[in-house]
Number of protein chains: 2
Amino acid sequence: MPFHLDTFLPYLLSVAAHRTSARFAALYAAEAGLTIPEWRVLAHLDHSGAASVRDIHALVHLDKSVVSRAASRLEQAGLVKKQGDTADRRLIVLRLSPEGTALMLRLSGIAERFQAQLVAELGTDAPTLARALQRLAPGSEP
Amino acid sequence: MPFHLDTFLPYLLSVAAHRTSARFAALYAAEAGLTIPEWRVLAHLDHSGAASVRDIHALVHLDKSVVSRAASRLEQAGLVKKQGDTADRRLIVLRLSPEGTALMLRLSGIAERFQAQLVAELGTDAPTLARALQRLAPGSEP
DNA sequence: TTGACGTCGTTGCATCTGCAACGATATGCT
DNA sequence: AGCATATCGTTGCAGATGCAACGACGTCAA
């Protein structure tokens with residue numbers, strides 16, 4: 001009995017994730033030419049206020065190098081400010097600039113509308129989906 | 001009210017997909033050093049018998065170039081045979097070699113056990129998750 | 001038949017990713 | 001204090017990815 005790829009959860013997850021990210025990226029592409037890592041860094045800074053590269057690396061599931069390069073691009077674009085931590089001079093504190101804050105104000109509106117649309121498409125399955133995904137994607141594991 | 005990334009479905013999907021794929025890849029890494037595209041090509045050939053690059057591209061959500069290169073590597077590894085279609089000489093028919101069939105026999109066992117473990121972890125949410133993912137990942141759209 | 005157009009698989013190229021260094025700094029042990 | 005060890009952010013590098021060509025082949029209409 002051969003194996004069926006189209007009921008295999010890792011495959012379904014991968015395809016659904018890719019497609020959903022692409023749909024969302026198309027929405028904010030008009031607003032700002034951000035990559036997904038850049039968007040995640042901005043979003044995290046928006047709700048945490050300030051964070052180091054390490055914090056984002058740990059909490060947002062991006063490699064250190066990806067965060068570092070995304071932060072550099074965002075700084076060059078004037079959306080983020082880097083600032084050496086005075087207590088621990090290895091750390092670099094990232095904060096949204098006023099322009100970054102303004103951009104996130106618009107982007108978070110787009111994101112919330114997209115989330116609402118997804119929830120509408122999923123109907124009553126939406127909360128279960130979110131719960132199941134959170135179980136598959138633990139917050140702290142490597 | 002700032003935006004919360006950790007309830008955002010595209011983000012949850014991405015992290016869950018990455019982590020689940022990594023768990024699965026670790027399982028078959030010992031059995032065969034396959035990349036994910038290679039695994040998908042093998043799995044699709046296992047249950048379709050024969051398929052062209054185009055077929056796999058359309059059904060398995062991989063770029064043409066990715067399928068082409070994966071097929072070349074698999075052929076060089078002796079797991080897949082390429083064969084020109086006699087009717088339409090643009091097409092290249094891919095089939096599992098005996099070695100490829102034997103490998104898939106072992107890999108599909110690993111895959112089914114992993115799927116069973118995931119289902120066990122998810123409990124009653126598993127069928128709902130699968131249904132929701134299928135709705136987010138339509139079979140034919142570009 | 002001829003020629004325009006579409007499709008197939010491959011390849012080149014720019015970019016992104018993940019991993020392993022590396023220098024700078026901090027921490028802990030003696 | 002002094003030195004080994006660990007952590008932080010950056011960078012180099014090999015490999016993978018997505019996209020746009022490209023040549024080869026097929027299809028359709030005139």
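Quick caveat, the model's predicted, so the values are computed rather than measured. Naming: A, B, ... by sequence-line order, numbering from 1 per chain.
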Point to revise | Most 5' of B:Asp63 and A:Arg54 on DNA chain D, judged by nearest nucleotide | key: A:Arg54
Practice item. Specify the separation, in whole Å, of atom CG of A:Leu34 and atom C1' of C:dT15. Key: 16 Å
Exercise for review: Check step by step if ring-ring contact (aromatic ring centres under 6.0 Å, His included) holds for B:Phe24 and A:Phe8.
Suggested key: CA-CA 11 Å; B:Phe24 180 53; A:Phe8 190 48; 5.0 Å; yes
Point to revise | Check: A:Arg69 side chain, D:dG12 base, donor-acceptor under 3.5 Å | key: yes
Revision key, fill the gap. Of the candidates D:dG18, D:dC13, D:dG9, the side chain of B:Ser65 sits closest to D:dG18
Check your understanding: Considering only side-chain heavy atoms of B:Ser68, which listed nucleotide, D:dT17, D:dT10, C:dT10, is closest?
Key -> C:dT10
Review point. Just checking, any donor-acceptor pair under 3.5 angstrom between side chains of A:Arg40 and B:Ser14?
Key: yes
Practice item. Round to a whole Å and report the spacing from CG of B:Leu62 to C1' of D:dG18. Key: 12 Å
Exercise for review: Classify the nucleic acid contact of A:His18 as base, sugar-phosphate or nothing, counting any heavy atom under 4.0 Å across all strands shown.
Suggested key: sugar-phosphate
Practice item. Just jot down the side chain to side chain donor-acceptor pair (under 3.5 Å) partners of B:Asp85, sequence neighbours excluded, or say none. Key: none
Practice item. Would you classify B:Ser52 as touching base, sugar-phosphate or nothing, given that sugar-phosphate means primed atoms plus P, OP1 and OP2, and contacts are heavy atoms under 4.0 Å? Key: sugar-phosphate
Study note, to complete from the structure: Which of C:dC19, D:dT10, D:dA16 is nearest the side chain of A:Val53? It is D:dT10
**Study point:** Rounded interatomic separation in angstrom, taking CH2 from B:Trp39 and P from D:dA16
**Key:** 19 Å
Check your understanding: Got a salt bridge between B:Glu121 and B:Arg23, using NZ or NE/NH1/NH2 to carboxylate O under 4.0 Å?
Key -> yes
Exercise for review: Kindly indicate whether the side chain of A:Asp55, heavy atoms from C-beta on, has any atom under 4.5 Å from the side chain of A:Ser48.
Suggested key: no
Just distance, no hydrogens or angles: give the donor-acceptor pairs under 3.5 Å from side chains in residues 69-80 of chain B, sequence neighbours left out.
| residue | atom | partner | partner atom | Å |
| --- | --- | --- | --- | --- |
| B:Ser72 | OG | B:Ser68 | O | 3.2 |
| B:Ser72 | OG | B:Lys82 | NZ | 3.2 |
| B:Arg73 | NE | B:Glu38 | OE2 | 2.4 |
| B:Arg73 | NH2 | B:Glu38 | OE2 | 3.4 |

Check your understanding: B:His57 has an atom NE2; how far is it from atom P of C:dT7, in whole Å?
Key -> 12 Å
Practice item. Test A:Val41 against A:Val60 for side-chain contact (heavy atoms from CB on, under 4.5 Å), laying out the working first. Key: CA-CA 8 Å; A:Val41 169; A:Val60 181; over 6 Å; no
Practice item. Strictly below 4.0 Å, heavy-atom distances to any atom of DNA chain D: list the hits from residues 81-95 of chain A, or just say none. Key: A:Lys82, A:Arg90, A:Leu91, A:Ile92
Practice item. Counting heavy atoms from C-beta on, name the nucleotide in D:dA21, C:dG18, C:dT17 closest to the side chain of B:Lys64. Key: D:dA21
